[in-house]
J.: 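To start, I am sharing the structure in question, which I have written as structure tokens.
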Amino acid sequence: MAGLTFSKGGVHPEEHKELTERLAIEEMPPPAQVALPLSMHFGAIAQPVVKKKQEVQEGEVIAVVEKGLGAPIHSSVTGTVKTVEPRPHPTMVRCDAIIIDRDPAAAPRKYERENWTTLSREQLLARVKDAGIVGLGGAGFPTAVKLSPPPTAKMDLLILNGAECEPYLTTDHRIMLEHPEQVVEGAKIMVKILGIKKGVIGVELNKPDAINALQKALKVSDGHDEGEIAVQGVQVKYPQGSEKQLIYSLTKRSVPGGGLPFDVGVIVQNISTTVAVYEAVTMNKPLYEKVMTVSGRAIKRPANIKVKVGTVLSDVVEYLGGVSDDLLKIVSGGPMMGFAMSSMDVPVVKTTSGVLFLNSKETSIGPYGPCIHCGWCLQACPMGLAPKEIGIYVEAGKGHLTERFGIMECFECGCCAYVCPAKRPLVQFCRLAKIGVKRGS
Amino acid sequence: MEPQWAVSISPHIRQTQTTAGIMWTVSGSLIPVLLLSIYNFGLRSLFITLSSVISCVVVEAICQRALGRPISVKDGSAVLTGILLAFVIPPGVPYWLPIIGAVAAIFINKQLMGGLGFNVWNPALVGRALLTAAFPVYMTAAWIPSREVSHVPILNYIWGGLDGVSTATPLYVLRHYGMEALTKQFGDLPVIYTNFLLGFKPGCIGETSAVLILLGGLFLMARGIITWPIPVSTLASVAVISWVFGGETWLSGPVLVHLLSGGVILGAFYMATDYVTSPSLKTAQIIFGIGVGGLTMLIRLKGGYPEGVCYAILLMNCLTPALNEWFRPERFAPPKQAPVAAAK
Ligand code: SF4
Ligand code: SF4
């Protein structure tokens, strides 16, 4: 069965999901120390509200954003603030982080389930906001803001993104399989917040067990009806999980360049985000834990683990038995769009959906050649851009003239560079071209 | 100290095909054609091909050295140019001739323009065009009769050939003496078709065996290296035009003779599909192919040469930048137009 899909481009990288897709989510014991970066979201950097030596509880607010876009940060352990100092960061080079030493004697905090159906939209939204929830699949856009579209937008559909099209990653897959009822309930909460009737969970067809589990959960939950939620299989093709592509696959609506999903009446939320909303609303639990896939052929024991936000990578590696000698690259996120990291001192942040330890057979760093004009990148680009021209222009120092190829619509999915036989760094060229266009020279 | 890990921009995985992989695969797919040519015309075919390949590689290396570029002969592109250049020259030429073609193909046409990816014209055909202009006698008369036709003595098979100069190619015969002479010299039409399809006829080193070139082309299509639009549109337009205008009366032309002779099949599958010098998008490729087929037939039927594929492709190469500019990918979701512009 081919399934619904987007209209242009796309690639089929090897999935490598077999490394972790059958492994249940396990909880990693909390580390002795966590480092919580002050930037784990889209928007302004948070300001600490705790001092050195101050004792903090698990789930306590330790930093807030007063003005502008942002989200509060909560301590992920009970313990003592050691210091605030610059630490490596997965996407920024370095960023100030609050360092907390865990109190080994403290018991983990417990949360009670509450009834949320009597809460108003505003109260629900406040819980999402106070819990510090941000979009967990990508840039970390504050979820409460996303759930309050302008009143002019005519919203009619909530889409849950269960595509998980990035190779290796199985986080959302495992969550949908192990906690389908949480996903469904989270969806109902968001449907209520948005004041709409319909939600659909888009899942790539390579996860039939997850689709099944969700369908069962939907049948069970049919009692307290807050709107219609459905599951829809979509074709296995990268970048199915990209917002614009998934919206098109499920609704045939296309979000214009420079526009946002609410321009076509849709809002898209990631699966982990949905579960975070569920926990925030039904248990008043802030976001300070993260399920992530640790995979790749250079980690001794690949796994899906639930970790405290702020856990440093070297602790994760130690817990999973270390890395092998042929480790070549550490990637935060998926292999198509993730960031390579130069050290293991990087902490897990809210938006970390996976960490990959790739050996020299899985990834490569090598020289690239001139464009041979095979045109494969043109076929692969899901936005219908001209990556080969963009690359050639940038090499010739004319990146600022690439607007006519649609460069500003490029979302750096990497399809073009993935197929390029000359191994050209096309995503790099696209970034430079965008900078050039913005600067105008 | 903690080891520092490699940092590079996403994506961190790549599909396996490489530039060199493509060049070597295309070269490899031509080996059966070369083997048949050796059987057909003798070891001369092999020696001329070797001379051409070696000179292309050496010229490329010298140019890159002199221009201070990294030496990239391992990517196979010079080897492929060498093979294709040899394939479009007659087997009876002297062994030094390809050297001059290689200088034109690689030095003037490729390296002086900026190296791989920057040439406007197909390198092998530039080589052939220059040789045809400079050595018209060799390039239009050094044919060797096919072994099947003449059963040359063994010594002649290895070293000989130049006494075969007087043999004319089917296209030459057709152009100057007509259909009747063609059947007189090469046999009845069914015999002609079989021999032409298999490659038992005089012609350039690698142009004679339609069936082996076709198989090579299909192999490349199966491997995703070339796509159907250019070959199909080229062949289709040659077929239609030769049928309509190629005969004594309208709609009576010898379609198969035109399709199977000269460089049409090799050109359609191996020359016109050259990435660098042909357009990248389907619609543009179809127009390109129709142009190649149309110009080929124009030259064959009305021009001064019996064969026109080489010039047809070189002429269409000039249009490639324009075709690429006119046909850009259709954007998935461009920004909304300003209402004024949209109303127009
Ligand atoms: S990275 Fe940009 S240019 Fe390349 S395929 Fe993706 S959207 Fe297209
Ligand atoms: S895929 Fe690479 S080599 Fe092919 S046209 Fe695009 S940039 Fe050029």
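In what follows, chains carry the letters A, B, and so on, assigned in the order in which the sequence lines appear, proteins first and then strands, with residues in each chain numbered from 1.
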J.: Above 12 or not: heavy atoms from other molecules or residues under 6.0 Å from CZ of B:Arg69?
T.: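 Yes, because the 6.0 Å sphere around CZ of B:Arg69 holds more than 12 heavy atoms from other groups.
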J.: Which one wins on heavy-atom pair count under 4.5 Å against chain B: A:Gly338, A:Cys381, A:Ala386?
T.: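 Looking at each option in turn, the highest pair count goes to A:Gly338.
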J.: Is it true that atom CZ of B:Phe107 has more than 12 heavy atoms of other residues, nucleotides or ligands lying nearer than 6.0 Å?
T.: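 Not buried by this count: 12 neighbours or fewer within 6.0 Å.
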J.: Side chain, backbone, both or neither: which part of B:Asn324 has a heavy atom under 4.5 Å from chain A?
T.: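 Looking at B:Asn324, just its side chain touches chain A.
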J.: Show the nearest heavy-atom pair for residues B:Ile9 and A:Val427, with the distance to one decimal.
T.: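 So the two residues come closest at CG2-CG1, 4.1 Å.
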J.: Kindly determine whether A:Met383 and B:Arg331 satisfy side chain to side chain contact (heavy atoms under 4.5 Å, CB included), including the steps that lead there.
T.: CA-CA 6 Å; A:Met383 301 308 286; B:Arg331 307 247 286 270; over 6 Å; no
J.: What part of A:Ile365 gets within 4.5 angstrom of chain B, counting heavy atoms only: side chain, backbone, both, or neither?
T.: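 For A:Ile365, the side chain is the part near chain B, not the backbone.
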J.: Flag the pair A:Met408 / B:Pro335 as yes when at least one side-chain heavy-atom distance between them is below 4.5 Å, and no otherwise.
T.: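 Side-chain contact under 4.5 Å: no.
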J.: Specify which of A:Cys415, A:Gly375, A:Gly406, A:Gly9 makes the most heavy-atom pairs with chain B at under 4.5 Å.
T.: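 Most heavy-atom pairs within the cutoff with chain B belong to A:Gly406.
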J.: Does any heavy atom of chain A fall under 4.5 Å from the side chain of B:Thr277, the backbone, both, or neither of them?
T.: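 Contact with chain A: none, neither part.
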J.: Has A:Glu403 got more than 12 heavy atoms of other residues, nucleotides or ligands less than 6.0 Å from its CD?
T.: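 At most 12 heavy atoms, drawn from other residues, nucleotides or ligands, come within 6.0 Å of this atom.
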J.: Working to the nearest 0.5 angstrom, can you tell me the gap between B:Thr19 OG1 and A:Lys423 NZ?
T.: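 Rounded to the nearest 0.5 Å, the OG1-NZ separation comes to 8.0 Å.
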J.: For the candidates A:Pro335, A:Cys371, A:Ser7, which exhibits the highest count of non-hydrogen atom pairs separated by less than 4.5 Å from chain B?
T.: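 That would be A:Pro335.
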J.: Against chain B, label A:Arg253 side chain, backbone, both or neither, depending on which of its atoms sit under 4.5 Å from a heavy atom there.
T.: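 When you check distances to chain B, no heavy atom of A:Arg253 falls under 4.5 Å.
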J.: From A:Ile372 CD1 over to B:Met23 CE, what is the distance, rounded to the nearest 0.5 angstrom?
T.: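 Answer rounded to 0.5 Å: 5.0 Å.
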J.: Looking at every non-hydrogen atom in both residues, tell me the closest pair between B:Pro11 and A:Gly414 and how far apart they are.
T.: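 Smallest heavy-atom distance, with atoms named: CG-O, 3.6 Å.
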J.: Does any N or O in the side chain of B:Gln15 come within less than 3.5 Å of the main-chain N or O of A:Val419, such that one atom is a donor and the other an acceptor?
T.: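 At least one qualifying donor-acceptor pair exists.
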J.: Above 12 or not: heavy atoms from other molecules or residues under 6.0 Å from CD of A:Glu395?
T.: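 Atom CD in A:Glu395 is crowded, with more than 12 foreign heavy atoms closer than 6.0 Å.
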J.: Side chain, backbone, both or neither: which part of A:Leu327 has a heavy atom under 4.5 Å from chain B?
T.: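 Both parts, heavy atoms under 4.5 Å.
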J.: So which part of A:Cys374 gets closer than 4.5 Å to some heavy atom of chain B, the side chain, the backbone, both or neither?
T.: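 Its backbone and side chain both get close to chain B.
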J.: Give, as side chain, backbone, both or neither, the part of A:Tyr248 having an atom under 4.5 angstrom from any heavy atom of chain B.
T.: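 Side chain of A:Tyr248 only, per the 4.5 Å heavy-atom cut-off to chain B.
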J.: How about A:Lys361: does its NZ atom have over 12 heavy atoms from other parts shown lying under 6.0 Å from it?
T.: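 No, the 6.0 Å shell around NZ holds no more than 12 heavy atoms from other groups.
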J.: Please look at A:Met341 and chain B and tell me whether the side chain, the backbone, both or neither of the residue comes under 4.5 angstrom of a heavy atom of that chain.
T.: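 Looking at A:Met341, just its backbone touches chain B.
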J.: Using non-hydrogen atoms and a 4.5 Å limit, figure out which bit of A:Lys388 sits close to chain B: side chain, backbone, both or neither.
T.: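 Contact with chain B is through the side chain of A:Lys388 alone.
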J.: Any ion pair linking A:Arg404 and B:Glu325 (charged N to carboxylate O, less than 4.0 Å)?
T.: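 Answer for the salt bridge query: yes.
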J.: Counting heavy-atom pairs under 4.5 Å with chain B, which one of A:Leu356, A:Leu328, A:Leu426 comes out on top?
T.: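 Looking at each option in turn, the highest pair count goes to A:Leu328.
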J.: Where do B:Ile13 and A:Met336 land on the side chain to side chain contact (heavy atoms under 4.5 Å, CB included) test, with the steps shown first?
T.: CA-CA 7 Å; B:Ile13 46 173; A:Met336 293 298 286; 3.9 Å; yes
J.: Is there a side-chain contact between B:Leu281 and A:Gln379 (heavy atoms, below 4.5 Å)?
T.: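 They are in contact (side-chain heavy atoms under 4.5 Å apart), so the answer is yes.
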J.: Under 4.5 Å from any heavy atom of chain B, what part of A:Pro167 do you find: side chain, backbone, both or neither?
T.: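 Looking at A:Pro167, just its side chain touches chain B.
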J.: Could you tell me whether A:Trp376 atom CH2 has more than 12 heavy atoms of other residues or ligands within 6.0 Å of it?
T.: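 Correct, the count exceeds 12.
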J.: Just how far is it from atom CZ of B:Phe118 to atom CD1 of A:Ile392, taken to the nearest 0.5 Å?
T.: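 Going from the CZ atom of B:Phe118 to the CD1 atom of A:Ile392 covers 6.0 Å.
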J.: Say you draw a straight line from NE2 of A:His373 to OG of B:Ser280; how long is it, rounded to the nearest 0.5 Å?
T.: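 Rounded to the nearest 0.5 Å, the NE2-OG separation comes out at 7.5 Å.
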J.: Between A:Thr363, A:Val11, A:Leu358, which residue shows the highest count of heavy-atom pairs closer than 4.5 Å to chain B?
T.: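 Most heavy-atom pairs under 4.5 Å with chain B: A:Thr363.
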J.: Could you state the interatomic distance from OG1 (B:Thr16) to CD (A:Glu14), rounded to the nearest 0.5 Å?
T.: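 With rounding to 0.5 Å, OG1 (B:Thr16) is 8.5 Å from CD (A:Glu14).
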J.: Does a side chain donor of either A:Lys329 or B:Ser8 reach within less than 3.5 Å of an acceptor in the other side chain?
T.: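 Judged by distance alone, the side chains do pair up.
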J.: Is a donor on one side and an acceptor on the other found under 3.5 Å between the side chain of B:Arg14 and the backbone of A:Ala417?
T.: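 Answer holds: yes.
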J.: Of the backbone (N, CA, C, O) and the side chain (C-beta and beyond), which part of B:Ile22 lies under 4.5 Å from a heavy atom of chain A, both, or neither?
T.: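 For B:Ile22, the side chain is the part near chain A, not the backbone.
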J.: Counting only heavy atoms closer than 4.5 Å, note whether A:Leu385 contacts chain B via side chain, backbone, both or neither.
T.: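 For A:Leu385, heavy atoms of backbone and side chain both lie under 4.5 Å from chain B.
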J.: Would you say the ring centers of B:Phe332 and A:Phe6 fall short of 6.0 Å from each other?
T.: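 No: the rings miss the under 6.0 Å criterion.
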J.: Any side-chain heavy atom of A:Glu362 sitting closer than 4.5 Å to one from B:His12?
T.: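 A:Glu362 does not reach B:His12 side chain to side chain.
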